[in-house]
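Here is the structure we will look at, set down as structure tokens.
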Amino acid sequence: MATWSVLALLRENPEELKRHIAKRLMDPAIVDEVLAVDIEWRRLQTEINELRHRHNVITRSIARASSEEERARLREEARELLRKLEVLEARFNEVDSRRTQLLLSLPNLVDDDVPVGDESASVPIEFWGKPRVWVGYLDQFREQTERYGFKVEYELIDWKPVGHADMLEEILGLGDTRKAGEVAGSRFYYLFEDLVWLDFALLLYAIDKLTAKGYKLVLPPYMLRYNVMAGVIDLAAFKDAIYKIEGEDLYLIATAEHSLAALYYNEELYDDELPIKLVGVSPCFRKEAGAGSRDLKGIFRVHQFHKVEQFIFSKPEDSRRLHEEIINNAKEMFQELGLPYRVVKIASGDLGAPAVKKYDLEVWMPAQGKYREMVSASNCTDWQAYRLNIKMIRRKGMIREYVHTLNSTAIASTRTITAILENYQEPDGTVIIPKVLRKYLEPFERAPKDYIKPRRKGEEART
RNA sequence: GCCGGGGUGGCCGAGCGGCCUAAGGCGACGGGCUUGAGACCCGUUGUCCCCCCUGGGGACGCGCGGGUUCGAAUCCCGCCCCCGGCGCCA
């Protein structure tokens, strides 16, 4: 019998489950509630099973009854049981849907390795690259490195790089968020020419990199049904992030993770075919309802962007190792892109409900004087698999368990573009194109090759 | 979107109101036989609940959800998906 780790812990050691939930800074009282409902659920089920059994016995005897009178008597007896069952089943259905709802509202467990606390407890565990630090940001740069005991080499610059938002609209003239705002709303954008080429070059680079490592390339559905979406994310994320198609049971994906996870919805995988490593490409649609006015300028936080995503279905015993693998893949790509980053181990209070552990990769943004999130890599263990009903069968003994799922950004296009606009910016506004991207631009006549040249807004593109 | 056909266990495929709750085959797993493998023989093969829990009992399960009946894979209604034809379309 396959068991979901959270349900197993609820039944075996509810106090321990409470500690996990408390680590997420959530109210552990839900544990008592769901435990009581689960007990009631089991009790009712036992009672109903017994009544149904008696009913089945009678029902079977009707066909074999010797006389018409006997049949009539048995029918009445069966009806009497049905009346009792009706009452019990009504209770059960109530309890059952309550139980389902409560179980689905439980977050995943928290890995022992995760720092406990709110987001301020998240800890950088590794720095890479030589960030360019403007003199005015030196203090805050030190604050973001030395405070955690890291001595990070940097290049001090005396000119302040232009922020990505002004770069794209004013210096390069290759983006228009004002017009997009007028016709679609804030957090939408038009990108033009070289930045569009750059977007596609980034995607191709990530696809090339990961398929070379054996990941299977997938172009997934961009919309999913409610039941499937609810299997992948928690309700809070649903409200804050997900767009619904009017009049249809369809929701726009916020990341390819959602439809990649759903690839084996209601299926069983044999242990000898795992791990299954996928690389998906898709647009991502996000409401950003909880974001308020954060990052309103530019294209850092937008309703729509392209992303290449890593996704793995794994054996339970392999998921920790594979979690390291996907964050390492991301690191490798950002190293090759030459973007200085740090890896942050996310604190328990800031974990999403699906994950037991999460790493973010944050790139140094010279114009903001901050490290900003580019990549997020999560180990979801059996949380999504339980909800999507994806099991693993161990050949040895044909034992069924839930598979583990893992996901990580490879490259999110618009965010990575913001990082390139700030990190590869020359004092005159020229943006150097990272070397690894150039081969993906080479075949196209009108694509930029080595540089993106400044040309004020309204100026004709290219020379 | 319209008309017609169809969705049965991991897979193929019978069954079309009760001969007790899915025949038969394949696969997989366990065991027997064997020096080993194959062939062969026996058993097992979904979900859930209960118990005196190396085992035993029961409920549910035939695309999904309802309904009719003492009894539904079998009859009725709604939805989803697949195949064929027509229409529309990048």
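Only this structure's heavy atoms are used, side chains among them; waters, hydrogens and symmetry mates stay out. In what follows, every chain begins at residue 1, and chains take the letters A, B, ... in the order their sequences are listed.
Across all strands shown, Arg11(A) has heavy atoms under 4.0 Å from sugar-phosphate atoms exclusively, and none from any base. Across all strands, Asp249(A) comes closer than 4.0 Å to no nucleic acid atom at all (heavy-atom distances). Within the 4.0 angstrom heavy-atom criterion, no nucleotide atom of any strand lies near Arg43(A). Residue Ile62(A) is in base contact, counting any heavy-atom pair closer than 4.0 Å across all strands shown. When heavy atoms are screened at a 4.0 angstrom cut-off, Leu82(A) is found touching the sugar-phosphate backbone but no base atom. Heavy atoms of Thr46(A) sit under 4.0 angstrom from primed sugar atoms or phosphate atoms, though from no base atom.
With U21(B), C29(B), C50(B) as the choices, the nucleotide that has an atom nearest any side-chain atom of Met398(A) turns out to be C29(B). For Arg395(A), counting side-chain heavy atoms from C-beta on, the closest listed nucleotide (C48(B), A28(B), C20(B)) is A28(B). Checking C49(B), G18(B), G58(B) against the side-chain heavy atoms of Arg42(A) singles out C49(B) as nearest. For Gln45(A), the side-chain atoms get nearest to C49(B) when compared with the rest of A59(B), C49(B), C29(B). With distances taken from any side-chain atom of Arg225(A) to the nucleotides G71(B), C80(B), U47(B), the minimum falls on C80(B).
The same atom, P, is picked in G67(B) and in A72(B); the two are 12 Å apart, to the nearest Å. Taking the C1' atom of each, A73(B) and A14(B) are spaced 12 Å apart, rounded to whole Å. With C1' as the reference atom, C12(B) and G18(B) are 28 Å apart, rounded to whole Å.
For the pair Arg52(A) and G61(B), the criterion of a side-chain N or O lying under 4.0 Å from OP1 or OP2 is not met. For Asn56(A), no side-chain nitrogen or oxygen approaches OP1 or OP2 of G18(B) to under 4.0 Å. Close to C70(B), at under 4.0 Å from its OP1 or OP2, lies a side-chain N or O of Arg79(A).
Both tests hold for Arg387(A) against Trp383(A): distance to the six-membered ring centre under 6.0 Å, angle to the ring axis within 45°. Both the sub-6.0 Å distance and the 45° axial angle are not jointly satisfied by Lys213(A) relative to the ring of Tyr215(A).
Shown here is Arg320(A), whose CZ atom has no more than 12 heavy atoms of other residues, nucleotides or ligands within 6.0 Å.
The distance between atom CD of Glu89(A) and atom P of G66(B), rounded to the nearest whole Å, is 11 Å. Counting to the nearest Å, the P atom of C49(B) and the CD atom of Glu47(A) are 16 Å from each other. At whole-Å resolution of the value, CG in Asp96(A) and P in G65(B) are 12 Å apart. Put simply, CZ on Arg400(A) is 5 Å from P on G46(B), counting in whole angstrom units. At whole-Å resolution of the value, CD1 in Ile399(A) and C1' in U54(B) are 14 Å apart.
Taking the six-membered ring for Trp, Phe313(A) and Phe311(A) have ring centres closer than 6.0 Å. Remark: aromatic rings of His323(A) and Tyr359(A) are close, center separation under 6.0 Å.
At least one side-chain heavy atom of Glu332(A) sits less than 4.5 Å from a side-chain heavy atom of Lys209(A).
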